[in-house]
Amino acid sequence: MTRTSSSIPLRLASTAIAAVAVLSLSGCLYAQIPAGSPTDIPSSSPETDAPSDESSGSTLTFTEGLDLASDTYIEWGDGLVVDEGWKIVSPDDGNGAWTYGTVDGTCTARFWQGYTTDVPVVAGDDSASSDAILGVLLQTPTSEVTPLATTGEFSYMAGGSGGVETRQVVGVDGSRTWLMAARAFTQTGVGLSVVVDCTAADAEATLAAINEKNAVVVTP
């Protein structure tokens, strides 16, 4: 799957950050990531990226991320490709973004991986830089996102393992719930995110189910 050096905003029609740790949303949740990708990063298809079944038993906290070598390759594994409960809604667009949907049509999960060139990252601070990715997605200053974001995790190397610390925000719009989770790796200059959007299901529970199948893969 491709990493892109272009900007990564997922354009929100309207977003309001309230005084509580819940974000309100109306209109379209996201649109296409802008075009443009580097020529030196090969693209791989979702069908070949399923994570290994063997768990490393390790973690990748924000602090541990600072120990990564600068050339470490970090990407999403693609465990949903073999899950009968999910289907591909849009394949890898060549810009580091692709979308899965549940077969019952209640939720989508839009994944992104790429360079954080246009994100206001904080050198040596993966947590603050993860908030910065959320800020770009929400088109909201990082300083307004940080007090409302919470720390979660993606799975590390194998589905269900947990261990990769993330920052996330949750939104509610009537019966619709959504969740944005992101992780920046300041040592390598890349980031990952997923936007889970559910019309008739719980976005947090859906992300937990995704983490059981899907993982972040790190190659030294």
Side-chain angles (χ1 to χ4, degrees), residues 1-3 8 10 44-69 72-89 91-92 96-103 106-114 116 126-127 129-131 133-134 137 149-170 177-188 190-198 201-220:
M1 295 172 187
T2 307
R3 291 178 183 166
I8 64 165
L10 307 179
S44 58
S45 66
E47 289 75 16
T48 61
D49 286 349
S52 168
D53 290 333
E54 181 180 356
S55 174
S56 66
S58 300
T59 60
L60 193 53
T61 65
F62 294 127
T63 299
E64 289 169 337
L66 303 181
D67 295 329
L68 294 172
T72 300
Y73 197 90
I74 302 167
E75 62 183 336
W76 282 113
D78 196 3
L80 296 186
V81 72
V82 295
D83 191 296
E84 295 181 353
W86 291 83
K87 61 183 179 180
I88 296 176
V89 174
D92 191 328
W98 63 98
T99 303
Y100 278 97
T102 54
V103 294
T106 60
C107 295
T108 59
R110 182 170 177 83
F111 294 88
W112 172 82
Q113 60 187 20
T116 53
D126 283 10
S127 178
S129 298
S130 299
D131 285 350
I133 293 179
L134 294 175
L137 301 180
T150 59
T151 298
E153 63 179 11
F154 296 142
S155 287
Y156 183 50
M157 301 301 287
S161 63
V164 180
E165 282 192 315
T166 66
R167 295 286 284 170
Q168 64 184 36
V169 289
V170 179
T177 62
W178 56 267
L179 183 152
M180 294 180 179
R183 172 61 187 265
F185 299 91
T186 56
Q187 289 297 97
T188 64
V190 302
L192 306 169
S193 70
V194 63
V195 181
V196 178
D197 181 19
C198 295
D202 181 82
E204 292 183 89
T206 300
L207 178 60
I210 290 171
N211 280 334
E212 286 295 313
K213 302 289 184 178
N214 209 61
V216 175
V217 178
V218 178
T219 306

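All residue numbers refer to positions in the sequence shown, counting from 1.
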Query raised in the report: Between the side chain of Gln168 and the main-chain N/O of Gly152, is any donor-acceptor distance below 3.5 Å?
Result: no

Query raised in the report: Are any non-hydrogen side-chain atoms of Trp76 and Leu192 less than 4.5 angstrom apart?
Result: yes

Report task. Could you check Ile133 against Thr116 for side-chain contact (heavy atoms from CB on, under 4.5 Å), going step by step and ending with a plain yes or no? Result -> CA-CA 8 Å; Ile133 293 179; Thr116 53; 4.1 Å; yes

Query - Flag, side chain of Gln187 to backbone of Leu66, donor-acceptor distance under 3.5 Å - result: yes

Report task. Work out which heavy atom in Leu134 is nearest to a heavy atom in Ala182; give both atom names and the distance. Result -> CD2-CB, 3.9 Å

Report task. To the nearest 0.5 angstrom, please state how far the OG1 atom of Thr188 sits from the CG atom of Leu68. Result -> 6.5 Å

Query - Heavy-atom closest pair, residues Gly79 and Asn214 - result: N-OD1, 2.8 Å

Requested in this report: Could you pull out the closest heavy-atom pair between Ser161 and Ala158, with the gap in Å?
Outcome: OG-O, 2.7 Å

Report task. Flag the pair Leu60 / Phe185 as yes when at least one side-chain heavy-atom distance between them is below 4.5 Å, and no otherwise. Result -> yes

Requested in this report: Supply the atom-to-atom distance Thr219 OG1 to Met157 CE, rounded to the nearest 0.5 angstrom.
Outcome: 6.5 Å

**Report entry** Short side-chain donor-acceptor distance under 3.5 Å, Ser155 and Asn211
**Finding:** no

Requested in this report: Find the distance between OG1 (Thr59) and CD (Glu153) and round it off to the nearest 0.5 Å.
Outcome: 9.5 Å

Query - Heavy-atom closest contact (Val196 atom, Ala203 atom, distance) - result: CG1-O, 3.9 Å

Query raised in the report: Between Glu204 and Thr177, is a side-chain contact (heavy atoms from CB on, under 4.5 Å) present by the stated rule, with each step listed?
Result: CA-CA 8 Å; Glu204 292 183 89; Thr177 62; over 6 Å; no

Report task. Check whether any side-chain heavy atom of Ile74 sits under 4.5 Å from a side-chain heavy atom of Val216, and report yes or no. Result -> yes

Query raised in the report: Do you know which two heavy atoms are closest between Thr106 and Ala201, and how far apart they sit?
Result: OG1-CB, 4.2 Å

Query - Main-chain N/O of Gly96 paired to Gln113 side chain as donor or acceptor, under 3.5 Å - result: no

Requested in this report: For the pair Trp86 and Tyr100, name the ring-plane relationship: parallel under 30°, tilted 30 to 60°, perpendicular over 60°.
Outcome: perpendicular

Query raised in the report: Do the side chain of Glu212 and the main chain of Ala209 share a donor and acceptor less than 3.5 angstrom apart?
Result: no

Query raised in the report: Do Ser130 and Thr166 come within less than 4.5 Å of each other through their side chains, counting heavy atoms only?
Result: no

Query raised in the report: Do Thr151 and Arg167 have a side chain donor and acceptor closer than 3.5 Å?
Result: yes

Query raised in the report: Short question: side chain of Asp126, backbone of Thr186 - any donor-acceptor pair under 3.5 Å?
Result: yes

Query raised in the report: Pick from Asp78, Leu80, Thr99: which one makes a side-chain contact (heavy atoms from CB on, under 4.5 Å) with Phe111?
Result: Leu80

Query raised in the report: Would you say Arg110 and Val194 make side-chain contact, with heavy atoms under 4.5 Å?
Result: no

Report task. Report the C-alpha distance between Trp112 and Leu137 in whole Å, list the side-chain angles of each, state the deciding distance to 0.1 Å, and finish with yes or no for side-chain contact (heavy atoms from CB on, under 4.5 Å). Result -> CA-CA 11 Å; Trp112 172 82; Leu137 301 180; over 6 Å; no

**Report entry** Side-chain heavy-atom pair Tyr156, Ser58 within 4.5 angstrom cut-off
**Finding:** yes

Query - Test item: Leu179 and Val195 side chains (from C-beta on) under 4.5 Å apart, heavy atoms - result: no

Query raised in the report: Given side chains that start at C-beta, do those of Trp98 and Ile88 come closer than 4.5 Å, heavy atoms only?
Result: no

Requested in this report: Test Val218 against Thr72 for side-chain contact (heavy atoms from CB on, under 4.5 Å), laying out the working first.
Outcome: CA-CA 7 Å; Val218 178; Thr72 300; 3.3 Å; yes

